[in-house]
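First the proteins, then the strands, lettered A, B, ... as listed; each starts at 1. Note that these values count all heavy atoms, side chains included, but never hydrogens, waters or copies made by symmetry.
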Amino acid sequence: MRSAQRRSARLLALPLALLLLTAACGNDSDSAGTGTEEPGATGGGGATSGTINISGSSTVLPVSQLVAEAYADAGNQANVNVDGPGTGDGFQLFCEGETDISDASRPIKAEEIATCEQNGIEFVELRIAIDGLSIISNTSFDALECLNFADMYALSGPESQGFDNWTDAQAIAGELGSQTQFPDLPLDISAPGEESGTYDSYVELVIETYNEDRGQEAQTRPDYQSSGDDNIILQGIQGSPSSYGWVGYAYFVENEGQVKAFQVASEPGGECVAPTPETIASGDYPISRPLFIYVNAEKAESNAALAPFVDFYLSEEGISAVAQAGYVDIPEADLEETRSTWDSRTTGANFASE
Amino acid sequence: MSISAPLSSGISAEAVRRRLHGQRFDLPGIVVHVALLLSLLFSLVVLGVLVYDLVSGGWDVFASRFASFLSGTMRFAASESGIAQALRGTLWIGVFVVALAFPFGIGAAVYLEEYAPDNRLTRVIDINIRNLAGVPSIVYGILGFAVFVKTLSGLTGGRSVIAGGITLAILVLPVVIITAAEAIRAVPDDLRQGGYGLGATRWEVTRTQVLPYAAPGILTGTVLSLARALGEAAPLILVGAVVGRLGSNPGLFDIGSLDQRFTALPIVITYWAGLPQPDFRALTAAAIVVVLAIVLAANAAAILMRNRYESKRG
C-alpha cells in the first residue's frame, strides 16, 4: 500500500517537476535570447555575426541556401535562416519588417509596394538570375515538337475548361492564327497550382498574351491535376503518353530524360526555341523570368550582419550558386548593374509589374 | 438418472452441436471469421509494405553515413544533409508536451471525474473537450501563431521551438484529458467506497486508489498523444518552423537557444519530399524511419511502464 502511494505520488511529481524545469528554462532562454545578439556581435568575428532571416520564393530558396552555406563555410558567424513559403507570402513578411531579405520569382507588385510603404519599409531590388519555364510532356509523345503561345493558350487557358483531347483545342488555336495540328490523343495536364510562383509566371508570360482581347480572366483552366510538389507533377506527366504541363527549367534539368520539353515560339509562325542555358540567358527562349532578392534598406544599416552577406551574395563566389542551383546566370552587364544598385543602395522597384 | 447416459451411447459433442445448429454448415460464422482475419491481415500488410518501403528506401543512408545523417544540418546537397536540427526541435516539442499537456491534461481529467459535480455545466465542458479533440490541427497552428508567436513573443521569442512546443501541447491536451478521464471512469466504484469507508479524504482516495488503478490507461493515452504531437507538421509551419535552411545548429540540450528559429522532423520530411533532386528521396525515407523509431521508443516505454503498474495492481 505504501509503495503504491509513493509510486502514484511519483507519477504526478515527474511531469510537475518537468513543468517547473521548463518554466525555469523558459525564463532563462528569454533573458538569454534578448542578450544573444549583443555578446555575439562583440565576441564573434566582428560585424559578421548576428541573424539574417530570408524568406520568399521556393524557386529562389536553393540559391539563397547555397549562398548562405558558402558564407558559413567561409568562416562567417552570421546565422542565416532561409525559408520558402512562396513569393507572395515572402513579401507579406518582408513588408511587415519580419525578414531581412525576400526571395522573389517575379518583381514586387504595386499592392505589395503599397503595403511596404505603409509600414515604412524601403527595399533594394536586386536581379540575380533567370529561370526558364519548361513546357513538358511524356518522352514517348512525338506528335509535336514545338508549341507557340496560341497553342498553349488554347490547351490550358481559361477557355479550355473541359477539353480532354488535344483536338478539342484546335478551334481556339486556329482562331488565334496557329497552324499547329493537334493529335487525336487524350489531353492530361499536370502543372503547379495557383499558390506557386511558377503558375504566376505561366499566366503572366503565356496566358496574358491573349486573355484580355478575348474577354477572359488572367488564369488557367481550373480542371487539371495541380500540385505544389514538382515530383507529383512529374509523375502525372509520366503517367500519360500524351500529357501536358509546365515546370521550372531547373526542375526539368534535374529530370532530363524522364520528360520531354517542347520547343516554344512566342507567336504562331514564330521561331521555335528549345530551352537551354544559352537561349534563356539571351532571352531568345520566350518563357523565362528574372529572379530577385529584395533587401530591407533600413535593416542593411541596422543589422550589422546583413550588408556583408549581400556583398558576398553578389560576389563571384556567391553568385556562382545560381548555376549550382540549376538556374541561368544573368549577363555580365546586368550583373554589374545589380551590383551598382546594391552599392549605391538605390531603393524602389525598377522592374514593372502590375 | 443423469443425462450423461445417452451421451455415452455413441453420441459425440460434435453431433450435439450439429444438431443444435440444425445440422447446417455454419456459413455466416465462417464468413465473419474470415472477414475479421482479412481485416487484420490487411492492416498488417499495409503496415509491412510501408515499413519495408521506407527501410529499403532509406537503407543506403543508414548504411553509408548514419552518423553524419544524424549530426548534419539542412543543406542544398543531399549527400551533406542531416537531421540534427530537426531532431533537436522534435525532442524539445516532446519535452513541452510531456511538461505541459500531461500534468494539465491529467489534472483536468481528475477534476472532471473525481471532483466536479455532475451537472449541466460539466457535461457541456465534457462535450466541448471532445469536440476540441476533433478540431483540425491547422486551427491550433493559427492559435499558436496568434497567441504564442505574436502576442506572447516576449516570452516565447516569436517563431521559436517554445511557441511550437506550447502549440502542440495544447493540440494534444483534449486527447490527454479524454483518455485520462476514460481511464479514471473505468476505476471500479468499490475502490473509492472502500477508501471513503476507511475515513480517507477525497484526495487520499484519488491518490492511493484511483490514480494507481487508472495509471496504465492514462499512460497509454498520453503516450499516444505524444506520438501524435511528434508527427504534426501543419501547425508548426504556421508557427514558423523553418523549411529550407536553418542557420544555427546548437547542441541538443542548449537551453539558451530555445527562443531561436527552429525546425522539426515532420517539417524536414515534408520539405525533402518535395525537392526535385532524387537523392533526397532516400533522405526522406531515412528521416521517416527515425520518426517511426522515436514514436516506437515512446510506445515501448509506455508499455513497459504500464506493465509495471498492472503487475502492481494485480
Side-chain angles (χ1 to χ4, degrees), chain A residues 1 3-5 7-9 11-12 14-23 25-30 32-36 51-55 58 61-62 64-66 68-69 72 78-85 98 228-232 234 247-248 250-251 253-255 321 324-326, chain B residues 73-77 80 92 95-96 98-104 106-107 154-160 162 165 204 206-212 215 218-219 222 237 240-248 254-261 271 273-278 281 305 308-309 312-313:
Chain A
M1 190 60 175
S3 91
Q5 228 178 63
R7 209 165 296 281
S8 64
L11 173 76
L12 278 180
L14 177 76
L16 286 175
L18 274 168
L19 172 70
L20 290 175
L21 178 77
T22 37
C25 298
N27 289 338
D28 246 17
S29 65
D30 195 36
T34 47
T36 38
T51 298
I52 300 170
N53 283 315
I54 305 177
S55 190
S58 56
L61 186 151
S64 291
Q65 185 181 27
L66 278 166
E69 282 175 12
N79 204 342
V80 186
N81 299 323
V82 189
D83 220 343
E98 291 220 11
D229 183 340
D230 286 334
N231 288 323
I232 292 175
L234 189 81
V247 289
Y251 188 71
V253 172
E254 289 283 346
N255 295 282
Q324 231 178 312
Chain B
T73 59
M74 296 160 78
R75 287 181 74 93
F76 175 79
E80 299 166 355
W92 278 104
V95 168
F96 275 96
V98 170
L100 293 176
F102 287 12
F104 283 115
I106 297 170
L155 193 72
T156 61
R159 299 164 196 276
S160 66
I162 299 179
E204 280 168 341
T206 305
R207 199 186 53 185
T208 61
Q209 304 297 325
V210 176
L211 280 180
I218 294 177
L219 263 175
T222 45
I237 290 178
V242 172
V243 184
R245 175 181 204 272
L246 190 59
S248 63
D254 180 1
I255 287 168
S257 52
L258 282 184
D259 61 347
Q260 307 288 308
R261 297 295 299 269
Y271 169 53
L275 287 178
Q277 297 94 325
R281 262 152 251 173
M305 287 169 77
R308 270 189 61 189
Y309 279 115
K312 284 278 163 0
R313 187 167 77 185

Quiz item: What part of Glu98(A) is in contact with chain B, defined as an atom under 4.5 angstrom from a non-hydrogen atom: side chain, backbone, both or neither?
Solution: side chain
Practice problem: Could you tell me whether the side chains of Asn53(A) and Arg159(B) share a donor-acceptor contact shorter than 3.5 Å? | Solution: no
Exercise. Kindly say whether Gly247(B) contributes a backbone atom to a donor-acceptor pair with the side chain of Asn81(A) at under 3.5 angstrom?
Key: yes
Quiz prompt | Main-chain N/O of Glu69(A) paired to Arg75(B) side chain as donor or acceptor, under 3.5 Å | solution = no
Which atom of [X] lies closest to which atom of [Y], heavy atoms considered:
X	Y	result
Gly244(B)	Gln65(A)	O-NE2, 3.4 Å
Arg245(B)	Val80(A)	NH1-O, 2.8 Å
Val243(B)	Asp83(A)	N-OD1, 2.8 Å

Quiz item: Among Ser55(A), Ala68(A), Ala325(A), Ala321(A), which residue forms the greatest number of heavy-atom pairs with chain B at distances under 4.5 Å?
Solution: Ala68(A)
Quiz item: Who among Ile232(A), Leu66(A), Leu61(A), Leu234(A) has the most heavy-atom pairs with chain B under 4.5 Å?
Solution: Leu66(A)
Exercise. Flag the pair Arg261(B) / Thr51(A) as yes when at least one side-chain heavy-atom distance between them is below 4.5 Å, and no otherwise.
Key: no
